[in-house]
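Here is the structure we will look at, set down as structure tokens.
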Amino acid sequence: MSKQKAIYQQKVTNQAKKRILNGNPLIQPADCIDLKLMNQWVDFVDEKNNWLAQGYLGKQNKGVGWILSLTKCEFDQAFFTQKFQKAKQKRSAFFSQDLTTAFRLVNGEGDGLGGITIDYYQGYAVISWYNETIYQVKELILKAFLTVYPDTLGIYEKNRFETTLPETQHIYGKAAPEPLIIKENGIQYATYLNEGWMTGIFLDQKEVRNYLASGFASGKKVLNMFSYTGAFSIASAMGGALSTTSVDLAKRSLPKTKEQFSINGIDPASQKIHVIDTFDYFHYAQKKGLTFDLIILDPPSFARNGKKVFSVAKNYGQLIADSLPILSKKGWIVASTNAANVSVKRFKQMIEQELKGKVQSYQLVQTFQLPIDFTVLPTFEQGNYLKVFIYQIVR
Ligand code: SAH
């Protein structure tokens, strides 16, 4: 296929028209009048059949399609090449950094390409496809990508939509070493590009890790809840933390966290790593009278453990409440979420509601959102999903 023509028409409501013209690129089912063409490249038209925009319909966990252009165009190789070139220019400073060798190259709608993200891992690329329609033009996109990044050593894909395809597979060039040890601000992290949807590190948290590593965690007893591969613990230990305790439910987190410490020259036996439910750990720590100076709370947006369901939108406050009894007299909480359905304002409210009247004083001392390689559109708040607030608390 050399190009993908927009031939079908999808009519949208007047409300959706306003949003589209204001620069919101996401199409929801309720925006569409008579939605029946799925997995199609389409011209979007208004209720009076006036041409509005071009893009595609494709079911994904958020929305049913994306606007890719507000002017008439062809979705050919040149279209994608141009998007990749523009995205590359924005990140030119990242390519010359020796101390950071992994970052985002293309951030979906933030770079005008809703439905895919592409990350750079030290010479290798990881493409995540979020719906079947964009996956259908994979060959076109790969050619365009390799035109802009001809030195790419190898490419992996993550298929993040309903499909019989594997979650991950190697699709071009050389296979990456396992682990592929990348650097971020001089700290090493072990990544595995061919293990499910995740690679071992969430690249969007780099500024938080750097903050921990460059002084904030120094001299503190750090508790890292929902620790995954322990990245926040490694950054803290490298930054001179007095101790780190990593807590995650998944069994894989134990060997993975040990590995991360080892490759940075820290004896894993000198750090605590627990495979246990966060809420059980809270009880255990309280019973034992343990206290921590810095508690990091970065849960998944939604999780199930047996019958228990946790969602950030409903239950984040509980994490704050449970942290207070094991926080030092003067301590810090790093409250973090990637839940797109929780706004900055709402997230703050959920946290501060638990602090008001229950502690002597609290102060928001630091805020992080997405780093600049995770480009966001000012017209699409939902895309700016990461919220990290650091509170200093006197109990
Ligand atoms: N903070 C991590 C990323 C967290 S990903 C980082 O920056 O790298 C979410 C993690 O939460 C997963 O590893 C998952 O296993 C873990 N998890 C989910 N529910 C949990 C629970 N109830 N208790 C402990 N860990 C949980």
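We count ligands from 1, going down the list as the structure has it; atoms in each ligand are counted the same way. Computation of the quantities below employed the complete heavy-atom set of this structure, encompassing side-chain atoms and omitting hydrogens, waters and symmetry-equivalent molecules.
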Any N or O of Thr278 closer than 3.5 Å to N or O of ligand 1: yes

contact_flag Asp277 ligand 1 heavy-atom lt 4.0 Å: yes

Cationic tip of Lys220 above Phe216 ring, under 6.0 Å, 45° of axis: yes

Shortest reach to atom 19 (N) of ligand 1 by a heavy atom, considering only Ser246, Ala303, Ser336, Ser227: Ala303

Structural part of Ile276 in contact with ligand 1, heavy atom criterion under 4.0 angstrom: backbone

Within-shell test, Arg252 vs ligand 1, heavy atom, strictly < 4.0 Å: yes

Other residues, nucleotides, ligands: >12 heavy atoms within 6.0 Å of Gln82 CD: no

Any Val247 heavy atom less than 4.0 Å from ligand 1: no

Nearest-neighbour protein heavy atom for atom 7 (O) of ligand 1, which is reported as residue plus atom name and distance: Phe232 CE1, 3.3 Å

Which residue and heavy atom of the protein sit nearest atom 4 (C) of ligand 1, plus the separation: Phe226 O, 3.2 Å

Enclosure of Lys329 NZ (heavy-atom neighbours >12, cutoff 6.0 Å): yes

Ile372, CD1: over 12 other non-hydrogen atoms inside 6.0 angstrom: no

Test applied, salt bridge (Lys or Arg N to Asp or Glu O under 4.0 Å); reference residue, Arg104; option that passes from Asp373, Asp119, Asp111: Asp119

Distance filter under 4.0 Å to Tyr228 heavy atoms, resulting ligand 1 atoms: 2 (C), 3 (C), 4 (C), 8 (O), 13 (O)

Verdict with supporting geometry, Phe368 and Leu386, side-chain contact (heavy atoms from CB on, under 4.5 Å): CA-CA 8 Å; Phe368 295 95; Leu386 185 69; 5.7 Å; no

Close N or O approach (Leu249, ligand 1; < 3.5 Å): yes

Sub-4.0 Å heavy-atom approach of Val208 to ligand 1: no

Side chain Ser96, main chain Ala93, donor-acceptor under 3.5 Å: yes

Contact check: Asp248 vs ligand 1, nitrogen or oxygen atoms, below 3.5 angstrom: yes

Heavy-atom nearest neighbour of atom 11 (O) of ligand 1 within options Ser233, Pro300, Gly230, Ala235: Pro300

Side chain proximity check, Val312 to Val342, heavy atoms < 4.5 angstrom: yes

Carboxylate-amine/guanidinium proximity below 4.0 Å for Lys358 and Glu354: yes

Heavy atom of Phe310, distance to ligand 1 below 4.0 Å: no

SB check Lys138 Glu132 (cutoff 4.0 Å): no

Close N or O approach (Asp298, ligand 1; < 3.5 Å): yes

Residue part near ligand 1, for Phe202, under 4.0 Å between non-hydrogen atoms: side chain

